[in-house]
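Each ligand, and each atom within it, is numbered from 1 in the order the structure gives.
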Amino acid sequence: MDHLEADVVVVGSGMGGGTTAWALAQHGVDVLLVERGERIPREPANWSPAEVFLQRRYRPEETWEDGRGRPFRPGVHYVVGGNTKVYGASLPRFRVSDFDEVPHLDGVSPAWPFRYADLEPYYGEAERLYAVHGSTGEDPTEPWRSTPYPYAALPHEPYVAELAERLRAAGVHPSSTSIGVDLRPGGSCLRCATCDGFPCRVGAKSDAEVRAVDPAIAAGARLATGVRVTRLLTDGSGRRVTHAVGEGPNGPVTIHGRRFVVSAGAANSAALLLASAGPEHPDGLANSSGRLGASFMMHNNAHVAAVDLFGHNDVVFQKTLAVTDWYEDGGDGHPLGSLQTVGKVQGVMMKSWATRVPLPVLDAVARRSVEWLVMAEDLPDPANRVTLTAAGGIRTTRVARGTRQHRLLHRRAKRLLREAGYDVVATQWFDISMNSHMCGTVVAGLDPRASVLDGHCKAHDLTNLWVVDAGFFPSSAAMNPALTIAAQALRVVAESDLAG
Ligand SMILES: Cc1cc2nc3c(=O)[nH]c(=O)nc-3n(C[C@H](O)[C@H](O)[C@H](O)COP(=O)(O)OP(=O)(O)OC[C@H]3O[C@@H](n4cnc5c(N)ncnc54)[C@H](O)[C@@H]3O)c2cc1C
C-alpha cells in the first residue's frame, strides 16, 4: 500500500484544483495534487481532428448512465489539467446579474452567496494567471472591472471582421471573445485551427496544466498522477476528514492531510462524496442538507452552422466573436443567453455525428459555414442530480430547465444569421453526453439546510473539507464557466482558512 501525505490534499488537477494548488503554493503551503489521469503527451495526434473527435483519443472509456439507465460516454477528460486541456479557452467573466436572483421564463435563477463585487478582484487575478485577451467598451452587458485585461483582444480575421460588420448592420453589438492563448508579442501561440476541442501541442493555450499546475509544482507543490481517489474517511465525530483512499498505479493508496479540497469536476466530486458515506453520514459526506448531487446543470447549448452557399470561409482561428445583446433581456424583461463563434469546424469533425454524410460533402459545407455556440442558462432543479449506480458508477438524471428561453435565443440567432446573409442554418442540439459545461451538484449557499458548501466552498458539515470546482455553482449563468471557477479558487485560498 502506498502512503502519501501533505498539509493540503487537492483531488483533481483541472480548473478548480489546479488553480487552488497554484494559489496555495504561492502561500508556501505544502500541497499535494492527486490526479486520476496522466499528462497528455505532446504528439502529432494532439492536432488530428480524426484522432481527437472520431477516435476520442483523450476521452476515458468510462460510461455513465442517464436518468433512464441508458449508458453514454461523458464529455470528460481524466488528465492533468482536466477538461481545460481541450477547452476553447473562452474566459469571460459572468455578468453582475448572474450573482443575483433573476426571474427567467421557466423559473428563477437563484442568488449566489456572494456578489459580483466580492469576486471582482479575483476575476482580475484569474485573468492575469490565465493570460486573458479581451477588450472593453464593445459588449453591452460587460460587467465593471477594476483592472484592465492583461492583453488586447485577438484581432478578428477578415472573414470574421466582415461578419461582425454584417451583424452590426443587422442591429446587434458584436464583441470580442475573452480568450486565454499566448498570443502576446513573442508568445508561443501559432493561431492554428486546432485549439477549441484539441490539446495544444505547443503549450500555448491557457489550460490549467500549463498556467497553474506546472507553476504550482515550480513553487513547491507535488503532483501524484494515476491515483483515483475513491473515498474520504472521517474521524468518529464525522466532522473532520482524516484521510482519503484510492487506487494508484501500484494498487491501493492512502493519503493523509490536514485539509482536503475536492476538485474532481461537478459530477465526480458529488460521486466521490456520495461514495464516502459512513456511519456518521449515511447519505454521503457533507450531505446533511440532502442536496449533495442535486441541481446538476450543464447549460442549454446548441451548435449552429450558418452556411453561405456562395461564400468561402477561409478563417483559421474563428473563436473571436460574441453577441450578448439578449443576455439580460430578450425584449420582454427575461434573459435569453449568449452567442459565440466556436473554433472552425472541419468536415471530419462533423463526421462524429453526421455519420452517413460523405466526407467530401461535409468538407464542402465546412468551407462555406461559420459555426456558433448558442448558450442559455440551465436552471437548477433539485430533481436533476448525480447519484451512484448499484455498481458505484455515475448516473446523471436531468430534464433540461430553461428550454423555452433557449428555443427563443436559437430562433433569434437563426434570424440574425439569415439577416447577415446566410442561406441555411443547421442545428446540433447538445445532449447529455455533451456535458462539457457541467456544474452544480455540490452547491454553495448561505443556508446549510439548502446547500452543501458555504460561500467560500467549505462544506457546512465539516471543519476541513472544501469543494472547489464547477460543482459549487448555485446557477449556471449562460457564459463559459472556467474563469469563474478559477476566480473563486483564488478567492477561497485568499479569504478562507484553507491556506492555514
Ligand atoms: C471541449 C470542451 C470545450 C470547453 N470550452 C470551454 C471554454 O471555452 N471556456 C470555458 O470556460 N469552459 C470550457 N469548457 C469547460 C471547462 O473545461 C470546465 O468547465 C472546467 O474544466 C471545469 O473545471 P473543474 O475543476 O470543475 O473540472 P475539470 O477541469 O474537469 O477537472 C477535474 C479533474 O479531476 C480529476 N478527477 C476526477 N475524479 C477524480 C478522482 N476520483 N480522483 C482523482 N482525480 C479525479 C479529473 O481527471 C480532472 O483532471 C470546455 C470543456 C470541453 C470538454
Side-chain angles (χ1 to χ4, degrees), residues 9-21 33-40 52-53 58-60 62 74-94 126 130 132 177-181 195-199 205-209 212-213 223-232 244-248 253 255 261-273 275-276 298-299 301 319 322 340 342-343 373 375 394 433-442 467-473 476-477 479-486 488-489:
V9 176
V10 179
V11 179
S13 67
M15 201 57 168
T19 311
T20 304
L33 264 169
V34 184
E35 167 56 53
R36 71 190 288 172
E38 300 291 344
R39 288 182 187 268
I40 292 184
V52 175
F53 281 81
Y58 303 114
R59 298 248 300 254
E62 182 174 281
V76 291
H77 297 78
Y78 296 149
V79 295
V80 175
N83 274 331
T84 69
K85 283 309 291 180
V86 298
Y87 78 164
S90 172
L91 294 171
R93 297 179 176 203
F94 282 4
Y130 285 92
V132 179
T177 302
S178 305
I179 200 151
V181 289
C195 186
D196 193 2
F198 297 84
K205 179 158 69 178
S206 296
D207 62 49
E209 180 192 27
V213 175
L223 169 67
T225 60
V227 180
R228 184 170 81 90
V229 174
T230 51
R231 247 169 94 77
L232 301 177
V245 295
E247 287 296 323
V253 180
I255 309 151
V261 181
V262 172
S263 301
N268 274 289
S269 285
L272 174 58
L273 298 185
S276 302
M298 48 173 258
H299 281 152
N301 268 333
K319 198 181 170 95
Q340 58 185 256
V342 295
L373 183 61
M375 191 191 305
I394 291 178
S433 70
M434 300 169 80
N435 49 358
S436 56
H437 287 184
M438 282 183 297
C439 62
T441 74
V442 197
V467 180
V468 187
D469 59 23
F472 87 82
F473 283 21
S476 69
M479 283 280 158
N480 317 62
L483 190 76
T484 300
I485 302 169
Q488 171 70 346

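Looking at Ser436 and Tyr87, their side chains never bring a donor and an acceptor atom within 3.5 Å of each other.
Checking Ala275, Ser436, Gly265 against atom 18 (C) of ligand 1, the nearest heavy atom belongs to Ser436. In this structure, of Gly14, Ala224, Ala264, the residue bringing a heavy atom nearest to atom 38 (N) of ligand 1 is Ala264. The heavy atom nearest to atom 21 (O) of ligand 1, considering only Val34, Thr84, Val52, is found in Thr84.
Leu373 places none of its side-chain heavy atoms less than 4.5 Å from the side chain of His299. For the pair Arg93/Leu483, a side-chain contact is recorded, criterion being any heavy-atom separation below 4.5 Å from C-beta on.
A heavy-atom separation below 4.0 Å is found between Val227 and ligand 1. For the pair Ile485 and ligand 1, a heavy-atom separation below 4.0 Å is found.
Evaluation of the salt bridge (Lys or Arg N to Asp or Glu O under 4.0 Å) rule for Glu62 yields Arg36 as partners, not counting sequence neighbours.
The shortest N/O to N/O separation between Asp469 and ligand 1 does not fall below 3.5 Å. Residue Ala482 places at least one N or O, backbone or side chain, under 3.5 Å from an N or O of ligand 1. The shortest N/O to N/O separation between Met15 and ligand 1 falls below 3.5 Å. Looking at ligand 1, you'll find an N or O of Arg36 within less than 3.5 Å of one of its N or O atoms. In terms of polar-atom proximity, Val229 is counted as a contact of ligand 1, with an N or O under 3.5 Å from an N or O of the ligand. The distance criterion of under 3.5 Å between nitrogen or oxygen atoms is not met by Tyr87 with respect to ligand 1. Between Val79 and ligand 1, at least one N/O pair is under 3.5 Å apart.
Residue Lys319 touches ligand 1 through its side chain alone, judged by heavy-atom distances below 4.0 Å.
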